[in-house]
Amino acid sequence: MKKIRLLTLPVIAFILILSSCLFQTDYAALIKENWNVTLPAEFEELYYIEPADSFLGDGIRYGVISYGNTLAIEQAFSWKEGRDTGLEETIADVLQQEGIKETFMIDFGKPYQYFQRTKEENSLYVILFREDNKVFIIEDIR
């Protein structure tokens with residue numbers, strides 16, 4: 001009986017590790033699945049953080065990606081131009097509790113364009129800083 005218990009734990013651990021590897025998806029596929037938004041494929045992921053303790057996938061997901069050429073991303077969305085202090089405050093409130101590395105925080109002192117989508121209580125914010133070739137993506141899933 002003890003042998004069965006000793007063998008069961010490693011088998012369960014192996015299955016959990018294997019299943020997490022098999023079902024792991026890339027960032028663009030996750031955005032497409034959650035928001036029906038397609039990110040152009042040629043990007044480099046610079047930073048990504050998601051809630052580790054969320055069983056249902058709720059919480060804040062925050063990503064910073066870079067494009068060598070922003071033309072594809074510029075054409076992918078209907079961007080809004082100019083500052084939006086309401087948007088800036090909302091994003092600051094969402095991000096302040098997430099423990100994001102300071103080097104990957106959004107600097108709203110620079111010119112930006114943004115795209116926003118809301119679905120039920122959930123929100124997606126995509127902010128493009130053309131001069132830095134960076135895109136910040138915030139998913140607020142409740």
Side-chain angles (χ1 to χ4, degrees), residues 3-142:
K3 280 187 175 184
I4 293 174
R5 285 186 189 173
L6 289 175
L7 289 175
T8 304
L9 186 60
V11 169
I12 290 173
F14 176 75
I15 291 171
L16 288 174
I17 291 169
L18 182 63
S19 66
S20 70
C21 292
L22 292 175
F23 295 111
Q24 188 176 20
T25 58
D26 68 277
Y27 192 49
L30 186 65
I31 296 293
K32 175 73 174 166
E33 182 180 324
N34 287 342
W35 301 99
N36 196 29
V37 169
T38 303
L39 293 174
E42 285 75 37
F43 66 84
E44 176 187 358
E45 185 177 303
L46 303 175
Y47 184 76
Y48 182 73
I49 187 171
E50 66 181 346
D53 58 349
S54 172
F55 180 72
L56 299 174
D58 55 338
I60 305 299
R61 290 189 186 107
Y62 180 75
V64 182
I65 59 178
S66 176
Y67 286 90
N69 181 347
T70 60
L71 185 60
I73 191 71
E74 288 176 35
Q75 295 173 346
F77 295 98
S78 298
W79 297 102
K80 294 182 182 176
E81 299 272 345
R83 290 194 69 179
D84 183 329
T85 54
L87 173 83
E88 294 174 18
E89 290 172 7
T90 299
I91 291 173
D93 289 344
V94 165
L95 295 181
Q96 78 182 37
Q97 64 226 5
E98 292 306 312
I100 296 165
K101 292 181 182 177
E102 191 169 327
T103 55
F104 294 106
M105 290 296 287
I106 299 172
D107 178 5
F108 285 114
K110 297 179 180 181
Y112 64 89
Q113 297 170 287
Y114 65 96
F115 170 83
Q116 181 177 354
R117 177 163 288 170
T118 303
K119 187 167 55 171
E120 298 171 12
E121 294 180 354
N122 307 317
S123 297
L124 170 71
Y125 308 96
V126 183
I127 299 115
L128 168 64
F129 288 86
R130 196 180 303 159
E131 70 182 46
D132 296 333
N133 292 348
K134 288 185 183 173
V135 178
F136 294 79
I137 301 171
I138 302 102
E139 294 178 89
D140 185 3
I141 301 179
R142 298 171 190 245

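FYI, the numbering just counts along the sequence from 1.
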[X] side, atom [atom1]; [Y] side, atom [atom2] - distance, nearest 0.5 Å:
X: E44; Y: I65; atom1: CD; atom2: CD1; value: 10.5 Å
X: Y27; Y: E45; atom1: OH; atom2: CD; value: 7.0 Å
X: Y67; Y: E74; atom1: OH; atom2: CD; value: 11.5 Å
X: E88; Y: I127; atom1: CD; atom2: CD1; value: 9.0 Å
X: L128; Y: E81; atom1: CG; atom2: CD; value: 9.0 Å
X: K101; Y: I49; atom1: NZ; atom2: CD1; value: 9.0 Å

Within the structure provided, determine whether [X] and [Y] are in side-chain contact (heavy-atom separation under 4.5 Å).
X: F43; Y: I73; value: no
X: N122; Y: W35; value: yes
X: D140; Y: Y62; value: no
X: E139; Y: I31; value: yes
X: I137; Y: L39; value: yes
X: W79; Y: R130; value: no

Take F115 and L124 through the side chain to side chain contact (heavy atoms under 4.5 Å, CB included) test and state the conclusion after the steps. CA-CA 8 Å; F115 170 83; L124 170 71; 4.3 Å; yes

Donor-acceptor pair, [X] side chain versus [Y] backbone, under 3.5 Å?
X: Y114; Y: D84; value: no
X: K119; Y: N34; value: yes
X: Y125; Y: T90; value: no
X: T70; Y: N133; value: no

With F136 as reference, evaluate V64, I91, D107, V126 under the side-chain contact (heavy atoms from CB on, under 4.5 Å) test and give the passing residue.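 Passing option: V64.
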
Considering the options D132, I106, L87, which one meets the side-chain contact (heavy atoms from CB on, under 4.5 Å) requirement together with Y112?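 When side-chain contact (heavy atoms from CB on, under 4.5 Å) is applied between Y112 and each of D132, I106, L87, only L87 qualifies.
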
Is E131 atom CD crowded by more than 12 heavy atoms from other residues, nucleotides or ligands, each under 6.0 Å away?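 Yes, because the 6.0 Å sphere around CD of E131 holds more than 12 heavy atoms from other groups.
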
